[in-house]
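Structure first, commentary second.
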Amino acid sequence: MSQLLYEGKAKQIYSTENPEEVLIHYKDDATAGNGAKKAQFEDKGVLNAAISTMIFEYLIENGIKTHLIKQVNDRDVLCEKIDIVLLEVIMRNIATGSLTSRLGIKEGTKLNPPILEFCYKKDEFNDPLINTDHALALGLATREEIETISEEARKINQLLIKLFAEIGIELVDFKVEFGRNPKGEIVLADEISPDTCRLWDVETHSKLDKDRFRQDLGNVIDAYREIHKRLLARKEK
Ligand code: 5GP
């Protein structure tokens with residue numbers, strides 16, 4: 001019997017018969033501003049499950065360890081059960097969002113080198129920006145784990161820049177999460193989708209990600225469909 005283990009803003013996590021595996025169920029719910037703004041978009045869950053699975057498969061092919069086992073239906077993805085590291089790991093290639101408001105860097109500035117940031121995954125405090133010392137003092141991870149997470153995040157960034165460039169998309173920034181799998185290894189977890197990345201069309205510069213919802217730009221689901229369509233066309237080539 002599968003049991004609901006955890007319910008997040010966009011996903012639910014269910015137990016399976018295997019204690020080392022869970023089922024991640026993608027919902028159509030969208031939230032922004034730490035839940036201040038809420039909506040539902042028909043098929044968002046289906047699109048994100050497919051997009052995230054294609055991206056994770058690409059990363060696995062390129063040597064990244066992840067929690068993914070396999071997608072089992074249009075909304076459910078079987079994954080290794082992990083102990084999540086309470087860090088939101090953000091990689092930025094172009095300045096926008098909270099970086100521009102925090103540091104006054106001009107929107108659209110190319111960041112060289114790309115900036116790696118950690119936020120403490122804690123809704124009550126609005127996921128505050130922290131550094132390695134905070135993470136260590138809070139006991140979120142060991143120094144070695146933080147080094148692995150940083151190296152993996154930078155590798156993932158380079159691989160994703162390449163993947164998105166192939167489909168005419170500039171990868172502006174993204175957030176990833178990591179966990180410890182049953183073997184105690186650090187693996188990429190959670191999802192990578194237009195909910196967690198900023199994706200700009202190379203030609204038109206239009207935003208094809210959750211900023212369409214955050215900024216009330218309209219055509220939210222059309223943007224997600226476009227990313228799905230381009231990733232699928234690349235995979236089927
Ligand atoms: P910013 O800090 O500029 O708001 O976000 C940087 C990047 O991380 C963006 O791609 C954004 O989508 C992603 N990100 C940061 N925090 C969260 C979060 O709590 N949830 C999701 N889905 N993405 C986040």
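Because the structure is a prediction, the values reported are computed rather than measured.
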Does [X] pair with [Y] as a salt bridge, N-O distance under 4.0 Å?
X: Glu226; Y: Arg230; result: yes
X: Glu166; Y: Lys237; result: no
X: Lys65; Y: Glu80; result: no
X: Asp28; Y: Arg75; result: yes
X: Lys175; Y: Asp127; result: no
X: Asp123; Y: Lys9; result: yes
X: Asp195; Y: Lys210; result: no

What are the two closest heavy atoms between [X] and [Y], and how far apart are they?
X: Leu217; Y: Asp211; value: CD1-O, 4.0 Å
X: Gly179; Y: Ala189; value: N-CB, 4.2 Å
X: Pro194; Y: Asp209; value: O-CB, 3.5 Å
X: Ala141; Y: Leu136; value: O-CD2, 3.5 Å
X: Ala223; Y: Leu208; value: CB-CA, 3.7 Å
X: Thr100; Y: Ala95; value: CG2-C, 3.7 Å

[X] versus [Y]: any side-chain heavy-atom pair under 4.5 Å?
X: Lys11; Y: His25; answer: no
X: Phe178; Y: Leu87; answer: no
X: Leu59; Y: Ile192; answer: yes
X: Ile161; Y: Phe164; answer: no
X: Leu86; Y: Lys122; answer: no
X: Lys44; Y: Ile221; answer: yes
X: Phe118; Y: Ile149; answer: yes
X: Arg234; Y: Leu163; answer: yes

Worksheet item: What do the steps show when you test Asp29 against Lys38 for side-chain contact (heavy atoms from CB on, under 4.5 Å), and what is the final call?
Response: CA-CA 7 Å; Asp29 301 72; Lys38 288 191 187 130; over 6 Å; no
Quick check for you: to the nearest 0.5 Å, what is the distance between [X] atom [atom1] and [Y] atom [atom2]?
X: Ile186; Y: Glu144; atom1: CD1; atom2: CD; value: 9.0 Å
X: Tyr26; Y: Asp76; atom1: OH; atom2: CG; value: 10.0 Å
X: Asp222; Y: Arg212; atom1: CG; atom2: CZ; value: 8.5 Å
X: Gln71; Y: Leu23; atom1: CD; atom2: CG; value: 10.5 Å
X: Glu191; Y: Ile24; atom1: CD; atom2: CD1; value: 8.5 Å
X: Lys155; Y: Leu159; atom1: NZ; atom2: CG; value: 9.0 Å

Are [X] and [Y] in one and the same hydrophobic cluster, where Ile, Leu, Val, Met, Phe, Trp and Tyr link if side-chain heavy atoms are under 4.5 Å apart?
X: Leu232; Y: Ile55; answer: yes
X: Val89; Y: Leu138; answer: yes
X: Leu116; Y: Val176; answer: yes
X: Leu99; Y: Ile94; answer: no
X: Tyr120; Y: Met91; answer: yes

Discussion item. Does Phe174 form a side-chain contact (heavy atoms from CB on, under 4.5 Å) with Ile156? I'd like the steps, not just the answer.
Written reply: CA-CA 10 Å; Phe174 62 94; Ile156 291 164; 4.1 Å; yes
Taking [X] for its side chain and [Y] for its backbone only, find out whether a donor-acceptor pair lies under 3.5 Å.
X: His67; Y: Asp190; result: yes
X: Lys27; Y: Gly45; result: no
X: Asn157; Y: Ala153; result: no
X: Thr16; Y: Glu21; result: yes
X: Thr196; Y: Ser193; result: yes
X: Asn93; Y: Leu171; result: yes
X: Ser52; Y: Ala49; result: no
X: Asn131; Y: His134; result: yes

Practice prompt. Mind running salt bridge (charged side-chain N to carboxylate O under 4.0 Å, His left out) on Arg180 and Asp83 for me, showing each step along the way?
Written response: CA-CA 5 Å; Arg180 303 167 191 96; Asp83 166 29; 2.9 Å; yes
Worksheet item: Which residues, ordered by chain and number, are linked to Ile90 in its hydrophobic cluster, where ILVMFWY side chains connect at heavy-atom gaps below 4.5 Å, directly or through other members?
Response: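 None; Ile90 is a cluster of one.
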Discussion item. Could you walk me through whether Thr96 and Trp200 satisfy the side-chain contact (heavy atoms from CB on, under 4.5 Å) test, starting with their C-alpha distance in whole Å, then the side-chain angles of each, then the deciding distance to 0.1 Å, before giving a yes or no?
Written reply: CA-CA 12 Å; Thr96 188; Trp200 293 353; 4.2 Å; yes
Worksheet item: Around Arg102, counting heavy atoms of other residues, nucleotides and ligands shown, do more than 12 lie under 6.0 Å from its CZ?
Response: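 Correct, the count exceeds 12.
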Practice prompt. Please indicate whether Lys229 has more than 12 foreign heavy atoms, meaning atoms of other residues, nucleotides or ligands, lying under 6.0 Å from its NZ.
Written response: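 No.
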Discussion item. For Glu170, run the salt bridge (charged side-chain N to carboxylate O under 4.0 Å, His left out) check against Lys162, Lys207, Lys110 and tell me which one passes.
Written reply: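 One option only clears the test, and that one is Lys110.
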Worksheet item: Going by the angle between their ring planes, with limits at 30° and 60°, are Phe41 and Phe213 parallel, tilted or perpendicular?
Response: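 Correct class here is perpendicular.
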Practice prompt. Take Asp216 and Lys37 through the side-chain contact (heavy atoms from CB on, under 4.5 Å) test and state the conclusion after the steps.
Written response: CA-CA 11 Å; Asp216 297 316; Lys37 188 169 164 181; 2.9 Å; yes
